Engineer: 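Pasting a structure below so you can have a look.
Fair warning: this is a prediction, and the values are worked out from it, not measured in the lab. First the proteins, then the strands, lettered A, B, ... as listed; each starts at 1.
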Amino acid sequence: MPELPEVETVARDLVAARIAGRRVAETRVWWPRTLANSRPSSFDRALNGRQIVHIGRRGKYLVFSLADDLIMLAHLRMTGRLRLFEAWPNPPGHARLAWRLDDGRILAFSDARKFGRIWLLAADAPSPLDALGPEPMDNTFTADTLAQALRGRSLPIKPALLDQRIVAGLGNIYADEALWLARLHPLRRANSLSHDDCRLLRNAIRQVLRKALAGGGTSLGTGQGNFYGLQGQPGRNLPRLNVYRRTDQPCRRCHAPVRRMVLAQRSAHFCPCCQPEGKPGAVTPRSKPRR
DNA sequence: ACTTTACCCTGTAAGC
DNA sequence: TGCTTACAGGGTAAAG
């Protein structure tokens with residue numbers, strides 16, 4: 001489940017492999033629904049001969065800036081991968097579409113579960129990126145902007161962190177990890193966080209993402225559903241996870257068993273000891289806050 | 001306007 | 001061993 005650190009890893013892999021600067025010579029599409037807003041014929045027409053000028057990332061989107069103010073976005077969703085081949089993969093296996101570059105290499109978008117999507121957009125056209133909140137590693141993401149984004153939101157903080165409009169790039173793994181680091185219970189109402197809570201959470205998000213990125217992302221196991229970089233390398237961040245998929249294992253801070261609950265259709269992992277749901281003396285809605 | 005739920009998908013693992 | 005079932009979850013659309 002590629003989140004910000006995994007997508008950033010792939011973006012850097014693409015730059016290191018010198019994909020930027022190349023031109024697209026030919027495209028093939030084996031699963032047309034991967035194309036979110038175009039059809040295989042127009043996709044090929046638009047890309048043929050076009051240069052890839054720059055490769056970056058925004059939230060969980062890979063951003064390919066193309067010549068003539070064209071943008072191509074790729075979202076890996078759950079199992080999307082980018083891979084390099086020397087020739088067209090035959091059979092394509094899980095490859096859903098691929099670009100042949102002018103140097104002969106084949107860049108393939110592979111996706112076992114077919115959730116991944118590719119957009120082709122004019123630079124000035126409406127884009128999925130428009131809806132994204134701040135980049136968590138940018139200076140614009142502060143305790144103040146986080147508090148502002150959570151204002152008036154009564155949903156639990158866990159699903160709030162998964163809302164890409166509040167902050168871009170978090171998924172289930174790093175949302176759980178950030179809440180653990182900030183000692184916040186996943187069920188805490190978003191608008192109940194104090195300014196101090198927001199500062200802790202903002203710093204926790206950045207620390208968790210920074211360390212995951214340094215480890216090349218998180219790979220949970222092996223096989224098709226796992227994360228791999230462009231060269232097929234798994235991430236090395238798994239040993240650094242404190243709660244995610246550590247149900248019943250001891251919390252690394254207090255040794256209480258990590259708990260799992262289902263929240264907004266997703267698993268949430270937390271330490272019931274380090275991340276208390278209510279503050280002492282203010283558990284019931286009717287109890288008066290002490291001043 | 002906000003919040004919750006259903007849906008898309010299939011590899012993997014658990015259960016019988 | 002082989003089959004069936006549950007589970008994983010990012011994002012969108014529809015429902016509440």
Engineer: At 4.0 Å (heavy atoms only), tell me whether A:Arg81 reaches a base, stays on the sugar-phosphate, or touches nothing.
Structural biologist: nothing
Engineer: Round to a whole Å and report the spacing from CG of A:Asp111 to C1' of C:dA8.
Structural biologist: 14 Å
Engineer: Would you say B:dC7 has OP1 or OP2 under 4.0 Å from some side-chain N or O of A:Arg113?
Structural biologist: no
Engineer: From C-beta outward on A:Leu155, which listed nucleotide comes closest to its side chain: C:dA8, B:dC9, B:dT3?
Structural biologist: B:dT3
Engineer: With a non-hydrogen cut-off below 4.0 angstrom, is A:Arg153 in contact with a base, only sugar-phosphate, or nothing?
Structural biologist: sugar-phosphate
Engineer: Taking the minimum atom-to-atom distance to the side chain of A:Gln265, which one of B:dC9, B:dC2, B:dA6 wins?
Structural biologist: B:dA6
Engineer: Rounded to the nearest Å, what distance is computed from the CZ atom of residue A:Arg165 to the P atom of nucleotide B:dC2?
Structural biologist: 8 Å
Engineer: Expressed as a whole number of angstroms, how long is the span from A:Leu162:CG to B:dT4:P?
Structural biologist: 13 Å
Engineer: What contact category does A:Arg245 fall into here, base, sugar-phosphate, or nothing, at under 4.0 angstrom with non-hydrogen atoms?
Structural biologist: sugar-phosphate
Engineer: Classify A:Arg96 by what it touches in the nucleic acid, base, sugar-phosphate, or nothing, heavy-atom distance under 4.0 Å.
Structural biologist: nothing
Engineer: Could you tell me whether the side chain of A:Glu3 and the main chain of A:Ile173 form a donor-acceptor pair under 3.5 Å?
Structural biologist: yes
Engineer: Heavy atoms from C-beta onward define the side chain here; which of C:dG11, B:dC8, B:dT10 lies closest to that of A:Lys60?
Structural biologist: C:dG11
Engineer: Within a 6.0 Å radius of atom CZ on A:Arg240, are there more than 12 heavy atoms belonging to other residues, nucleotides or ligands?
Structural biologist: yes
Engineer: For the pair A:Glu177 (side chain) and A:Asn242 (backbone), establish whether a donor and an acceptor sit closer than 3.5 Å, ignoring hydrogens and angles.
Structural biologist: yes
Engineer: Check the distance between B:dC8's C1' and A:Arg33's CZ and give it to me in whole angstrom.
Structural biologist: 7 Å
Engineer: Would one find a side-chain N or O of A:His94 under 4.0 angstrom from OP1 or OP2 of B:dT10?
Structural biologist: no
Engineer: Roughly how many Å is it from CG in A:Leu263 to P in C:dC7, rounded to a whole number?
Structural biologist: 16 Å
Engineer: Establish, with yes or no, whether the OP1 or OP2 oxygen of B:dT3 is under 4.0 angstrom from a side-chain nitrogen or oxygen of A:Ser154.
Structural biologist: yes
Engineer: Do you see a donor-acceptor pair shorter than 3.5 Å between the side chains of A:Asn191 and A:Ser154?
Structural biologist: no
Engineer: Ignoring the backbone of A:Gln164, work out which of C:dG11, B:dT10, C:dA8 is nearest its side chain.
Structural biologist: C:dG11
Engineer: List the atom of A:Gly80, the atom of A:Pro2, and the distance in Å for their closest heavy-atom pair.
Structural biologist: O-CG, 4.4 Å
Engineer: Atom CG of A:Asn191 to atom P of B:dA1: distance rounded to whole Å?
Structural biologist: 18 Å
Engineer: Using a 6.0 Å distance limit plus a 45 degree cone around the ring axis, check whether A:Arg253 lies over the aromatic ring of A:Trp180.
Structural biologist: yes
Engineer: Using every non-hydrogen atom in the two residues, find where A:Leu4 and A:Pro136 come nearest and quote the distance to one decimal.
Structural biologist: CD1-CG, 3.6 Å
Engineer: Could you list all N or O pairs between the protein and nucleotides 12-16 of chain C that sit under 3.5 Å apart?
Structural biologist:
none

Engineer: Donor-acceptor check, side chain of A:Arg206 to backbone of A:Asp138, threshold 3.5 angstrom: yes or no?
Structural biologist: yes
Engineer: Heavy atoms only, 4.0 Å cut-off, all strands: where does A:Thr79 land among base, sugar-phosphate and nothing?
Structural biologist: nothing
Engineer: Whole-Å distance between B:dC9 P and A:Lys114 NZ?
Structural biologist: 7 Å
Engineer: Could you tell me how far apart A:Asp130 (CG) and C:dG11 (C1') are, to the nearest whole angstrom?
Structural biologist: 16 Å
